[in-house]
Amino acid sequence: MTQNLADTTRPAADATAHEAAAPAPATGGTSRDWWRDAVIYQVYPRSFADSNGDGMGDLPGIRSRLPYLRDLGVDAVWLSPFYASPQADAGYDVADYRAVDPMFGTLLDADALIRDAHELGLRIIVDLVPNHSSDQHEWFQRALREGPASPLRERYHFRPGKGENGELPPNDWESIFGGPAWTRTENPDGTPGDWYLHLFAPEQPDFNWENPAVADEFRSILRFWLDMGVDGFRIDVAHGLVKAPGLPDIGGADQLKLLGNDVMPFFDQDGVHEIYRSWRKILDEYPGRRIGVAEAWTPTVQRTANYVRPDELHQAFNFQYLGTGWEAAALREVIDVSLDSMRPVDAPTTWVLSNHDVTRHATRFANPPGLGTQIRTPGDRELGLRRARAATLLMLALPGSAYVYQGEELGLPDVTDLPDEVRQDPSFFRQAGQDGYRDGCRVPIPWSGTEAPYGFGPVAGGPSWLPQPAEWAALSVEAQTGDPTSTLELYRSALAVRRTQSDLGAGTEVEWLDAPEGTLAFRRGAFVCTVNTTGEPVRIPAPGKLLLSSVELVVDGGETVLAPDSTGWWAV
Ligand code: GLC
């Protein structure tokens, strides 16, 4: 299934098949640039809904919950990988890009899911993992089996080692997951052989994008899923595909600390942009505005903007925003820089607070600032949730597209006390790498009932691949539905207002209003958003009629008191 299917010359006559697969528009005419203000919900398939009771989420489970997502009011759903994979990195190690892993279902399930979503007016974005494959991918397996002379080795980065007997890695690069970024192979005759590059786990060998067969293969994979009707791709490690010529040494250890500050020889190389230009042409061949979203960790928002130039991808995650603490001045600055950086390339800014790689924002904000994005202490939960609700209303009031990670609408905290023996994050098992505590945000979400797995699986008392805390019964969808004070109802109301208020989401500007220290106020057309990031109440003239707030805000005699750690939406 994964042989090189070069199809760059595919005849345009296939367009009829594409038309048939084109989705119903989610929020407007097909001519509308739907992604510019879309709210995109991330489903982590392992942990969303388990239809067959094996403790692992699956595609039929997701399909059965699509009406929930439609009612929540999101525009699109991004699915983390569900492809055939040995799961060395929870599916971000793909063995076959055109097959569904049996633990998630079948290609027919994927087809049914896409069709159902379109019928409900939801778009589907799938994850594409082009930086590396699984070590079980047919190409890599053949490259190992066939030995040093195998032409398939050109599709990865195989190199002889340094040192007298090749016993040292070819350069000093470190894996993002810890340890060296190189693993030595064994030749078919059992002697020690060449090394191969893996920026992540050893089970994730990096592709060599200088090799035309790799580029051809990915163009074909894009078409495969576009023909299935998907509305776009989230591109994993989009900044990593091209490596600096000659794979030069970095010249120092602790390289993880440099990520996000310096341009590294393995990240954010200018050559990646040529790849996205070629992909954009393919996306544009299809009707219905199919999109590409870059997961690009770059040193600055300005460099992130390079990925969304008009002939490249459509969106890039705004990780600078995700990394900003709950502090008014810092938030204002990152909002300004983000909008200013995207305006020249005419791309929407994106906003994101949580995903499957970072501690959930309800827990980040429960802890003191400066602890990073992998935190192991629960902190002050009540405070964290209060700030998380306020942060969400701020995010949803900004111009551009917003991402919601499954379970944040339930106000879920990270599970910080998972026992070591249940953890699966590969970086947890590699010393000195990234913290490796990503399992805490990946715990299956609670839907209903009082006994685990709380409706995640079909049977009370049944399994879930990570254990859920007992307190989650009170946080289930069922428990929160209809309770006007619940976080779920806050999200539902906010998304409903966002859908009807055209000033929210649209455009690229915010007009800042004077606001006391520690607070923010900005106007967008007939709408004002107020934010208090301090622990003290702040009295201001009421900006208008209160539409929605993260906690109760009292309006009295033309004045309002912005409650501590709160956001308000006002009609003016
Ligand atoms: C991305 C994914 C992360 C994965 C890594 C390697 O950062 O979001 O989950 O571990 O790529 O594929």
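All ligand and atom numbering here is 1-based and tracks the order in the structure. Just so you know, residue 1 is the first one in the sequence shown, and it goes up from there.
Sorted by chain and number, the heavy-atom contacts of ligand 1 below 4.0 Å come from D89, Y92, H132, F177, F200, Q204, R234, D236, V237, E295, H356, D357, R438, R442.
Remark: D439 engages no residue in a side chain to side chain donor-acceptor pair (under 3.5 Å) (not counting sequence neighbours). Annotation: salt bridge (charged side-chain N to carboxylate O under 4.0 Å, His left out) contacts of D270 (sequence neighbours excluded): R303. Judged as a salt bridge (charged side-chain N to carboxylate O under 4.0 Å, His left out), and not counting sequence neighbours, the contacts of D206 are K243.
The side-chain tip of R46 points at the ring of W465 from less than 6.0 angstrom away and within 45° of straight on.
L495 places a side-chain heavy atom less than 4.5 Å from the side chain of V74.
Checking side-chain atoms of S464 against main-chain N and O of G55 turns up no donor-acceptor pair under 3.5 Å.
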